[in-house]
Amino acid sequence: MPPLKRLKSSNVRHEDRPLTVIAGYLGAGKTTLINRMLADAVAPFAVIVNDLGALAVDQALIAGQQGTTIALTNGCACCQISADLAAQLARLRQDDFSALVFEASGVAKASRLASLTSQAEGYALAKVVTLVDGLDAPRLLSDAYLSPLIKEQIAAADWVLQTKRAEGVHPSLASISSNIGQLPSSGALPAALAPEYLFDQSGRLEAGIKAPLFQHRVIFPRPDVTAGLLQAFIADHLEIERVKGWLVGPTDAVLVQATRAHFQARSGARAQGQGLQFIWRGDVELDFSALT
Amino acid sequence: MIEVYVAKNIITMNPSLPEATAIAIRNGEILEVGSLESLSPWLIREDHQIIETFQDCVIVPGFIDPHLHPAMAAVILPMHFITAMPWTLPWCEVPASLTPRAFDQEMQRISATVDDEILIFWGHHDLWHGTMHRDRLNAIDADRPIVAWNRSFHELHMNSACMALLGITEASISGRAQIDFETGRFFENGLAFAIQKLNPYILSDTRFTLGLERLKQVVHAGGHTTIGDMAVGLFDFERELVTTAKIFERADTPFRIEQVPHGAVVTHNRSFEETQAVLTDLSANSSHRLNFRARVKLFSDGAFFSQLAQLLPPGYLDGHVGEWLTAPEVLHEHILNFWRAGYQIHVHVTGDMGVEVALEGLAKAQAEHPRLLHGFTLEHMGYATPEQIERAKALGASVSANIYYLHELSGRYAELSVGYERASTMGRLKTCFDAGITTALHSDFTMAPAQPLLNMWVAVNRINAQGEQMGPAECLTPNQALAAVTLNAAKILGIESFTGSLRAGKRADLTVLSDSPLTVDPLRIKDIRVVATVFEGLVAPIETA
């Protein structure tokens with residue numbers, strides 16, 4: 001997880017409609033919570049359900065409300081070109097409602113949704129709330145396929161609600177986040193979970209964008225760059241961790257394999273001139289003009 | 001009238017008669033494959049014409065790409081390609097642009113020759129082309145809207161004129177993550193914001209139609225006579241049905257499209273019975289070139305190019321984890337539903353953990369309701385362990401692999417993603433052949449060029465973009481690679497009864513080549529020219545640039 005920091009108040013866009021993301025694995029109680037919020041709501045709010053991957057039941061439960069169902073495909077940005085979240089948000093923006101709830105698909109990472117929904121024009125992300133089924137949590141947290149996802153959903157949320165467990169927060173949840181409350185098993189939402197609280201934009205966690213640990217680039221060195229020159233270049237640039245590829249001279253080609261501890265250059269049988277790949281630490285720019 | 005084509009060599013993929021020199025065709029159907037002499041029982045009885053156009057060529061069964069995405073391609077193909085890898089497109093030859101300077105020169109050249117409202121370049125890659133910046137695009141043309149879309153598709157840069165056209169101001173993007181106003185960069189989630197603004201332009205009817213027309217040219221130029229649309233509905237189900245019918249169901253389309261619906265889309269808000277009714281109806285209303293059958297596409301783990309494949313331990317070098325496209329238990333439920341109903345099931349799997357979940361689903365289905373010849377297919381299969389491949393065989397699964405991953409990504413992934421051992425054995429295809437699994441190659445176009453000969457070249461030589469051979473123990477023989485783009489690919493789509501090999505009774509789907517992929521130097525397989533295709537008996541020549 002990247003480090004999280006509190007959102008600066010200057011970044012709160014008060015004129016925008018608040019948007020709350022409800023995340024959590026299948027069966028955590030997302031739809032139940034949203035239905036209760038709808039029942040308690042004083043001002044109308046819209047609902048977007050991202051449940052295409054799941055067996056479709058959610059939208060039927062969120063009956064009679066303003067809203068829509070969209071497909072967000074994990075990871076692959078090219079899939080956003082069609083009926084994407086941004087387009088749906090833009091469409092809904094024309095309508096009259098005070099806030100928006102986004103029900104995430106069960107396999108969505110909370111941090112990804114936070115950064116995705118924070119892009120929406122005319123909306124401001126208020127909270128990411130993750131629901132965890134307190135009875136199912138021990139199984140999910142030890143499931144080889146699911147535990148990284150469940151942990152991420154918990155760790156990246158502004159507020160975690162435990163559902164379906166009458167007494168106490170499950171210790172395995174408390175060990176991941178101290179920010180865990182319990183959703184009462186029935187009845188009205190407590191004040192801390194009421195729509196007014198969930199749509200309050202202040203004080204949420206800002207999703208940190210992790211700087212890349214390594215950078216990489218392929219360059220095509222000048223023909224006069226020798227192995228010795230390259231070795232000196234590496235020695236001078238402490239960020240460089242790895243160099244692999246070809247030095248193509250006027251008559252021959254040399255295959256270079258280097259780390260900070262090791263430099264190997266040998267004449268290559270397959271002189272294809274496919275470039276020289278550099279991998280270096282940190283987010284600094286490297287100046288390759290000495291080589292190209 | 002019987003048409004008899006003679007050729008230097010005809011590679012049939014029919015094990016009982018692997019090679020021939022003449023093929024007799026009547027009404028789009030193969031009467032017999034053999035020699036002019038052996039065909040005589042037909043020829044003495046009926047009018048016939050001996051055609052020598054291809055007498056110096058090699059004829060193979062019509063190529064089949066069982067997995068690409070016409071609608072996605074239609075969005076990308078109207079863009080101008082500037083890429084590190086050379087692409088051969090029917091309307092232009094895209095040179096390899098290997099340096100920042102080469103990239104800029106290409107932008108300049110194209111900018112001077114076309115009059116698009118927004119100039120969209122696709123293929124920028126930091127590795128080769130250096131850092132992009134809005135000023136760099138402004139320098140190409142300050143007055144004209146320009147977008148430089150990254151090769152990965154997960155990032156783009158706009159120039160100032162483009163931002164002005166789309167109404168993007170510093171204020172309108174303040175506080176948004178993964179957008180850099182100064183450099184004009186929109187990446188990952190910030191890309192969603194840019195796409196929202198660009199959608200009206202990139203999805204306009206004119207561009208989409210142009211994109212599909214171009215796809216038609218790409219498919220033909222690659223030598224295909226059949227392609228699989230491996231997720232109808234990925235983009236927009238209704239629009240895809242309507243536009244593909246309009247563009248492809250025409251007499252001048254020299255190939256058929258086998259349509260496989262996107263499972264999550266067709267089951268959405270429907271009971272399984274309702275889903276089945278819809279799919280049965282689609283199959284019944286299939287046209288000559290566009291066919292739905294009892295097939296479905298499901299998804300397991302995330303995109304391979306985005307390093308979102310789900311991996312078994314030890315996972316990724318940097319410790320990040322992949323993503324699920326479908327929750328494992330939901331995937332299993334979908335598998336069981338379609339399995340019981342007798343469907344051929346295709347599951348997108350990229351990582352070995354994705355494979356694991358798919359195979360568990362198949363094992364459950366087999367335990368509950370055993371089926372033979374069910375055609376359950378692992379699609380893409382970037383990473384899989386040898387033990388998983390053995391289990392896949394035991395359960396009767398097939399493999400349709402994107403081997404281009406190995407060419408484009410293995411060098412980089414060895415260093416930056418998963419380390420050398422797993423990067424060099426991605427696309428573990430010889431193990432699949434040795435296990436006796438029906439194994440095919442696909443392009444997932446535009447993830448890879450739709451050129452079966454190029455894919456064959458990668459599968460046979462396993463040479464990556466850096467020129468290094470990766471995992472030589474997994475190299476296929478040329479014969480295996482040819483099977484993987486013909487007969488095996490037909491089996492993946494469940495259509496091997498009428499295409500995929502050349503024998504009496506099958507449809508006359510042929511690809512005519514300048515040389516034999518079985519005898520040419522394996523390093524030159526990708527340089528073989530596709531001369532023409534024959535689709536159900538009709539010759540469709542391929543113009544060369």
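In what follows, chains carry the letters A, B, and so on, assigned in the order in which the sequence lines appear, proteins first and then strands, with residues in each chain numbered from 1.
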*Mind ranking B:Val321, B:Leu416, B:Leu298, B:Thr99 by heavy-atom pairs under 4.5 Å with chain A and telling me who comes out on top?*
B:Leu416
*Does any heavy atom of chain B fall under 4.5 Å from the side chain of A:Glu241, the backbone, both, or neither of them?*
neither
_Among A:Leu146, A:Val218, A:Leu149, A:Ile219, residue most engaged with chain B (heavy-atom pairs, under 4.5 Å)_ = A:Val218
*Who are the side-chain contact (heavy atoms from CB on, under 4.5 Å) partners of B:Glu240, not counting sequence neighbours?*
B:Ala71, B:Asp229, B:Val232, B:Phe235
*Quick one: which of A:Gln257, A:Gln277, A:His262 gives a side chain to side chain donor-acceptor pair (under 3.5 Å) with A:Arg242?*
A:Gln257
*asked:* Can you confirm if the aromatic rings of B:His262 and B:Phe299 lie within a centre distance of less than 6.0 Å?
replied: yes
*chain A: which of B:Glu415, B:His125, B:Lys197, B:Met353 shares the most heavy-atom pairs with it under 4.5 Å?*
B:Glu415
*Of all of B:His69, B:Arg239, B:Glu329, B:Gln307, which one pairs up most often with chain A through heavy atoms under 4.5 Å apart?*
B:Glu329
*Does a side-chain heavy-atom distance below 4.5 Å link B:His129 with B:Ser97?*
yes
_B:Arg101, CZ: over 12 other non-hydrogen atoms inside 6.0 angstrom_ = no
*Proximal component of A:Tyr25, with respect to chain B [non-hydrogen, under 4.5 Å]*: side chain
